[in-house]
Asks: 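Have a look at this one before I ask anything.
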Amino acid sequence: MKKITLIGLSLLAFQAQAEMQIKHGFYLSESLGNVSADISGKHQDFAKFIGDNPEDITEENATIYDARISNIRSFGYNLRYIPEVGFGYEFGIYSTKIKSPQQNAALIHDDGSPFKQNTATGPIDVVVNSPSSYIKTIDVYIGGLYNFAKINQNYTPYVGTGYAKVSGDWYNSYYRGTPGYDPRYGTEGKTKVDGNYISLKVGMNFNEHYNLELEHAKHKLHADSFRSFNINGSDLKFSRTSLNFIYNF
């Protein structure tokens with residue numbers, strides 16, 4: 001998808017533009033269907049700990065597969081510089097909120113085996129109860145569009161691709177507590193988040209003022225110290241399909 005995005009954006013630099021229009025717009029977006037994320041980072045491996053000094057506990061990479069995201073919503077400003085038919089440009093500044101519900105998360109080693117916890121009856125798989133949390137970001141989006149010929153003089157189909165730089169905070173991500181012992185665990189605090197996404201979309205313009213789009217995007221985010229999954233510092237990867245509405249004014 002990244003190669004397609006780069007090719008699409010490169011074509012814009014060589015497209016002869018005629019009768020270009022500037023369109024300002026108000027942007028709304030809502031994710032569709034189920035969204036799940038793979039989250040990886042360092043986790044203390046208690047099963048290998050021998051002794052009574054917590055400083056001696058080693059950390060290993062852990063991954064949570066298919067962590068649930070309940071919804072992703074965005075709103076903001078959209079700017080388009082486009083011809084009636086042909087290639088054009090798109091720019092956007094959006095505020096996004098990503099919500100994750102309470103869920104249980106199994107921690108997995110890089111080799112696919114589960115993390116273990118020693119108990120009186122023997123080792124058991126580590127499953128962390130993760131409280132709900134949410135991410136709020138500002139997304140700066142730049143992309144390209146191709147307008148096709150109008151249908152019945154009122155409808156203009158188009159396709160687009162683009163790239164967004166993302167930065168913000170992950171809330172309810174208190175990371176110094178211990179699950180099951182600290183009542184504040186996963187219920188307060190925030191940590192910095194940054195990353196990006198690339199997207200492909202198809203859309204239709206109605207009567208000049210209304211745009212309806214179906215967009216598919218791949219996200220990569222990094223959180224500095226997220227511990228709601230008992231992981232210190234996390235990389236997130238997820239894909240979303242969303243329905244976008246833009247009102248041009």
Side-chain angles (χ1 to χ4, degrees), residues 29-31 33-47 49 54-55 57-76 93-110 114-117 125-141 164-198 217-240 242:
S29 177
E30 172 86 23
S31 60
N34 296 321
V35 179
S36 60
D38 292 341
I39 306 175
S40 62
K42 295 296 183 181
H43 171 72
Q44 291 179 322
D45 195 347
F46 290 97
F49 173 56
E55 299 296 327
I57 302 174
T58 59
E59 290 188 345
E60 294 192 10
N61 196 56
T63 300
I64 296 153
Y65 294 99
D66 298 325
R68 298 195 310 276
I69 294 174
S70 54
N71 62 65
I72 304 172
R73 293 172 177 164
S74 302
F75 71 91
I93 301 179
Y94 310 135
S95 175
T96 297
K97 186 173 184 179
I98 303 169
K99 296 178 68 175
S100 181
Q102 185 279 331
Q103 58 195 289
N104 292 327
L107 304 182
I108 307 300
H109 285 284
D110 287 343
F115 274 73
K116 295 291 185 178
Q117 176 183 350
D125 293 353
V126 174
V127 178
V128 177
N129 186 311
S130 174
S132 62
S133 63
Y134 62 95
I135 300 171
K136 294 182 73 173
T137 64
I138 297 297
D139 311 339
V140 179
Y141 177 91
K165 182 66 177 175
V166 174
S167 61
D169 294 292
W170 196 331
Y171 292 84
N172 295 351
S173 57
Y174 183 85
Y175 63 93
R176 293 185 179 85
T178 301
Y181 297 96
D182 191 332
R184 298 172 297 172
Y185 177 80
T187 63
E188 62 181 56
K190 64 180 180 179
T191 190
K192 291 293 182 183
V193 171
D194 59 66
N196 61 74
Y197 68 81
I198 55 175
K218 291 189 174 182
H219 294 247
K220 291 183 179 181
L221 302 178
H222 176 77
D224 288 346
S225 303
F226 181 62
R227 284 294 297 274
S228 286
F229 286 110
N230 204 19
I231 289 179
N232 187 11
S234 299
D235 293 302
L236 293 80
K237 295 181 180 180
F238 62 91
S239 296
R240 65 163 168 87
S242 63

Asks: Judged by atom type as modelled, is there a donor-acceptor pair below 3.5 Å linking the side chain of S70 to the main-chain atoms of K99?
Replies: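 It does hold such a pair.
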
Asks: Holding to side-chain hydrogen bond (donor to acceptor under 3.5 Å, both in side chains), I want the full list of residues that pass it with D38, two or more places apart in sequence or in another chain.
Replies: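 D38 satisfies side-chain hydrogen bond (donor to acceptor under 3.5 Å, both in side chains) with no other residue.
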
Asks: Counting only heavy atoms from other residues, nucleotides and ligands, does the tally under 6.0 Å from CG of N34 exceed 12?
Replies: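 Check fails, neighbour count at 12 or below.
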
Asks: Which heavy atom of D125 sits nearest a heavy atom of P114, and at what distance?
Replies: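 What the structure gives for the nearest pair is OD1-CG, 3.5 Å.
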
Asks: Please determine which of Y94, Y197, Y141 meets the side chain to side chain contact (heavy atoms under 4.5 Å, CB included) test together with V166.
Replies: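 Single side chain to side chain contact (heavy atoms under 4.5 Å, CB included) partner of V166 among Y94, Y197, Y141: Y197.
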
Asks: Which distance, rounded to the nearest 0.5 Å, do you find between the CG of N129 and the CD of Q102?
Replies: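 Here the rounded value is 4.5 Å.
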
Asks: Tell me the closest heavy-atom pair linking G195 and K165, and the distance in Å.
Replies: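 The answer is O-CD, 3.5 Å.
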
Asks: How close do N71 and E30 get, heavy atom to heavy atom, and via which atoms?
Replies: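 Closest approach of N71 to E30: CB-OE2, 4.2 Å.
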
Asks: Could you give me the CA-CA distance, side-chain angles and deciding distance for I69 and S36, then say whether side chain to side chain contact (heavy atoms under 4.5 Å, CB included) is met?
Replies: CA-CA 6 Å; I69 294 174; S36 60; over 6 Å; no

Asks: Mind checking what makes ring pair (Phe, Tyr, Trp, His ring centres under 6.0 Å) contact with F238, not counting sequence neighbours?
Replies: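 Counting only residues at least two positions away or on another chain, F238 forms a ring pair (Phe, Tyr, Trp, His ring centres under 6.0 Å) with H219.
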
Asks: List the atom of R68, the atom of S100, and the distance in Å for their closest heavy-atom pair.
Replies: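 Shortest heavy-atom separation between R68 and S100 comes out as O-OG, 3.0 Å.
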
Asks: Taking atom OG1 of T96 and atom CZ of F75, what is their separation to the nearest 0.5 Å?
Replies: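 Separation between the atoms: 9.0 Å.
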
Asks: OG of S167 to NZ of K136: how many Å apart, nearest 0.5 Å?
Replies: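 Between S167 OG and K136 NZ, I get 13.5 Å after rounding to 0.5 Å.
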
Asks: Let me confirm one number: the NZ-OH distance from K97 to Y171, rounded to the nearest 0.5 Å.
Replies: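 Nearest 0.5 Å value for the NZ-OH distance: 9.5 Å.
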
Asks: For residues A106 and I64, report the shortest heavy-atom separation together with the two atoms involved.
Replies: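 Distance-wise, the nearest heavy atoms are O-CG1, 3.8 Å.
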
Asks: Assess, by modelled atom type and distance only, whether the side chains of H222 and D235 contain a donor and an acceptor separated by less than 3.5 Å.
Replies: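 H222 vs D235: donor-acceptor pair found between side chains.
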
Asks: Looking just at side-chain N and O atoms, do T63 and S40 make a donor-acceptor pair shorter than 3.5 Å?
Replies: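 Result is no, nothing qualifies.
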
Asks: Using 0.5 Å steps for rounding, measure from the CG atom of L236 to the CD1 atom of I39.
Replies: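 Interatomic distance, L236 CG to I39 CD1, rounded to 0.5 Å: 4.5 Å.
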
Asks: Who pairs with V140 by side-chain contact (heavy atoms from CB on, under 4.5 Å), at least two apart in sequence or on another chain?
Replies: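 Scan of V140 (side-chain contact (heavy atoms from CB on, under 4.5 Å), adjacent residues dropped) gives F91.
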
Asks: Using 30° and 60° as the class limits, which term best fits the ring planes of H109 and F115: parallel, tilted or perpendicular?
Replies: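 Judged by the thresholds at 30° and 60°, the geometry between H109 and F115 is parallel.
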
Asks: To the nearest 0.5 Å, how far apart are CD in E188 and OG in S173?
Replies: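 Going from CD on E188 over to OG on S173, the span is 10.0 Å.
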
Asks: Verify side chain to side chain contact (heavy atoms under 4.5 Å, CB included) between V128 and N104, making sure each step is shown before the conclusion.
Replies: CA-CA 6 Å; V128 177; N104 292 327; over 6 Å; no

Asks: Between D169 and K192, does a side chain to side chain contact (heavy atoms under 4.5 Å, CB included) hold up when you go through it step by step?
Replies: CA-CA 5 Å; D169 294 292; K192 291 293 182 183; 3.3 Å; yes

